[in-house]
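Structure record follows, encoded as structure tokens.
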Amino acid sequence: MLKLRTLNLNKTKVDTLIAPVCEDANLFERGDINRLIARAQKLEKFEGKPSEVVTLYAPAGLKVSRVILFGVGPKDKIDPETFRAMAGRAVKHCIQIKRPKALVAVPEISFQRCDEAMAIEAVLEGAYLANHLFDHYKKDKEHQPLHEIAFLVAPAQQKKYRSLPLKVTTICRATLLAREWVNLAPNDKQPVQLARDIVRQAYRYGLKTTVLDEKALKRLKFGAMLAVAEGSRNRPRLVLLHHRVPKATQTVALVGKGVTFDSGGINLKPSGGIADMKLDMSGAAAVAAAMLAIAQLKPKVSVVGALPLVENMPSGNAARPGDIITSYKGKTVEIGNTDAEGRLILADTMAYVIKKYKPHTLIDMATLTGACVVALGEKIAGVFTKDETLSKAIINAGEKVFERCWPMPLPEDYKDQLKSDFADINNMGNTRWGGAITAALFLSEFVDDTRWAHIDIAGPAYTKKEAPYCRPGGTGFGVRLLCSLLQEMR
Ligand code: BES
Ligand code: ZN
Ligand code: ZN
């Protein structure tokens with residue numbers, strides 16, 4: 001659906017042409033587009049400031065019905081995110097005015113923080129990600145995504161970047177799928193249903209899949225995960241997805257928190273905090289979707305994705321605060337708070353994955369703590385790891401795709417806060433402070449000396465606000481990050 005084109009605008013009919021306009025530089029070498037921009041600037045006060053938009057109809061001499069120009073601000077502030085946002089705004093605009101096809105002109109110059117390759121990729125990504133509506137539950141499907149988005153490039157670029165549309169499509173399609181899973185109502189994605197849906201997708205791309213049901217989890221002694229599942233009549237599942245590369249020297253394991261609804265359990269969340277808790281499987285959605293992309297991108301490493309899926313509910317069967325359970329690893333855990341359920345399912349899953357697959361690197365992704373949102377806000381994820389190289393690799397991968405990550409500490413002495421009078425460890429810290437850190441330290445007790453990083457995505461997994469290439473709801477945060485990271489690994 002994404003295509004690179006080298007049209008002559010005098011000769012080929014175009015319905016809607018989109019072009020970015022910079023405040024203080026020409027982004028194009030092509031005379032036709034530069035003349036259009038000059039004309040628009042003569043007719044209207046249009047300087048190319050961010051958020052400015054102007055439409056020209058049937059410009060003389062060209063076979064173009066409509067040209068929509070989008071301001072992108074001054075040249076020295078331009079980075080790839082500028083182009084993702086521009087392309088996203090443009091595609092959303094076309095959806096709004098019901099044009100089914102668009103041709104987006106790709107800038108032809110380089111910038112301080114954005115070379116030609118980065119610019120093209122960013123334009124394609126922003127366009128693809130914005131071309132999505134979640135109308136599953138709407139009777140009236142008034143707006144439709146575009147059928148085709150083409151990109152106007154020079155002939156040399158068309159050749160040089162010919163494999164780019166497929167790569168961007170693979171990664172962004174997975175991102176949209178993750179968004180859809182997150183947006184799905186919690187009554188439509190209970191663990192059994194979600195596991196089935198993930199497996200169905202995984203088959204399509206040739207991943208080896210295994211699903212452990214409750215019986216298997218009991219036999220394997222997943223005591224912590226089962227304690228969380230206890231309160232819900234919807235039974236848990238553990239989904240394992242394996243991309244196996246026979247010659248690979250390394251296996252990377254990805255674990256995603258999959259709480260399909262987090263009510264808090266017996267420590268029931270207050271009404272304000274509970275509303276969006278269908279988002280609590282965003283880590284699992286990101287890992288599952290990334291695995292589908294990985295099966296197509298074929299990185300050099302073997303990758304295992306593990307998704308513990310449970311629903312955290314209060315009931316007569318639910319785990320109580322004060323309960324002491326034995327985890328998969330053998331450590332006993334006092335449940336100080338049933339709302340600290342994510343770390344319980346992750347602890348068992350990570351210990352199991354380490355034992356079964358002996359991964360060289362393990363990364364877990366989870367909407368783990370409200371405290372991480374307090375620390376870093378709604379757009380930045382926290383990265384917890386003792387491995388400097390891994391930390392830098394994650395943060396760099398995130399920068400490339402604008403899924404921002406920030407390093408957080410794992411101070412040994414804070415482990416005191418997790419002491420239990422009766423069990424080996426408590427699942428909740430005994431002070432109000434540093435909740436994102438104590439959660440990460442809890443997880444660290446279950447990974448031994450495996451090279452491990454924890455990414456807390458509680459902030460960026462979900463948005464209440466419309467963004468340039470994402471609508472309110474799940475953001476798919478983590479899919480592009482993991483793809484970008486794994487493509488660098490060998
Ligand atoms: N799922 C929540 C964390 C969360 C909060 C995600 C806000 C997204 C947005 C998690 O299970 C939770 O409830 N954490 C508690 C831990 C506490 C009880 C130790 C929290 O953050 O308050
Ligand atoms: Zn919780
Ligand atoms: Zn949770």
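Counting starts at 1 for both ligands and their atoms, in listed order. Just so you know, these numbers use all the heavy atoms, side chains as well, and skip hydrogens, waters and symmetry mates. In this text, all values refer to a predicted model and were calculated from it rather than measured experimentally.
- When you scan the N, O or S atoms of E341 for the one nearest the Zn ion (ligand 2), you land on OE1.
- L217 contributes atom CG, which lies 8.5 Å from atom OG1 of T349 (distance to the nearest 0.5 angstrom).
- Looking at D339 against ligand 1, both its backbone and its side chain come within 4.0 Å, counting heavy atoms.
- For V373, the heavy-atom gap to ligand 1 stays at 4.0 angstrom or more.
- Using the six-membered ring where Trp is involved, H242 and Y357 have ring planes that are perpendicular, over 60° apart on the 30 and 60° scheme.
- Checking K257 against the Zn ion (ligand 3), an N/O/S atom falls under the 2.8 Å cut-off.
- Look at E142 and K98 and you find a salt bridge, because one of the NZ, NE, NH1 or NH2 atoms lies within 4.0 Å of a carboxylate O, short of that distance.
- In the vicinity of A458, heavy-atom distances shorter than 4.0 Å reach the ligand 1 atoms 6 (C), 8 (C).
- Using cut-offs of 30° and 60° on the angle between ring planes, the pair F442 and F446 is tilted.
- Close approach to L279 involves these atoms of ligand 1, each under 4.0 Å from a residue heavy atom: 8 (C).
- Looking at M428, E378, K269, M277, it is M428 that brings a heavy atom closest to atom 19 (C) of ligand 1.
- Angle OD2(D280) to the Zn ion (ligand 3) to OD2(D262): 90° [nearest 10 degrees].
- Taking only non-hydrogen atoms, the option from R343, E341, K257, R432 nearest to atom 16 (C) of ligand 1 is R343.
- In terms of protein heavy-atom proximity, atom 2 (C) of ligand 1 is nearest to D262 OD2, 3.5 Å.
- Each of the following atoms of ligand 1 lies closer than 4.0 Å to a heavy atom of N337: 18 (C).
- Using a 30° and 60° split on the angle between ring planes, F70 and H93 fall in the perpendicular class, above 60°.
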Pair T431, Q417 - check side chain to side chain donor-acceptor pair (under 3.5 Å), show working.
CA-CA 7 Å; T431 72; Q417 296 178 44; 3.0 Å; yes
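- Atoms CG and OH, on L212 and Y352 in that order, are 5.0 Å from each other to the nearest 0.5 Å.
- Of all protein heavy atoms, the one lying nearest to atom 14 (N) of ligand 1 is L368 O, 3.5 Å.
- In this structure, atom 22 (O) of ligand 1 is not in close contact with the protein, since no protein heavy atom lies within 4.0 Å of it.
- Listed for the S302 side chain is a donor-acceptor partner under 3.5 Å among the backbone atoms of V245.
- In this structure, CG in D421 is found 9.0 Å from CG in N426, a value given to the nearest 0.5 Å.
- Among all protein heavy atoms, the one lying closest to atom 20 (C) of ligand 1 is G370 N, 3.9 Å.
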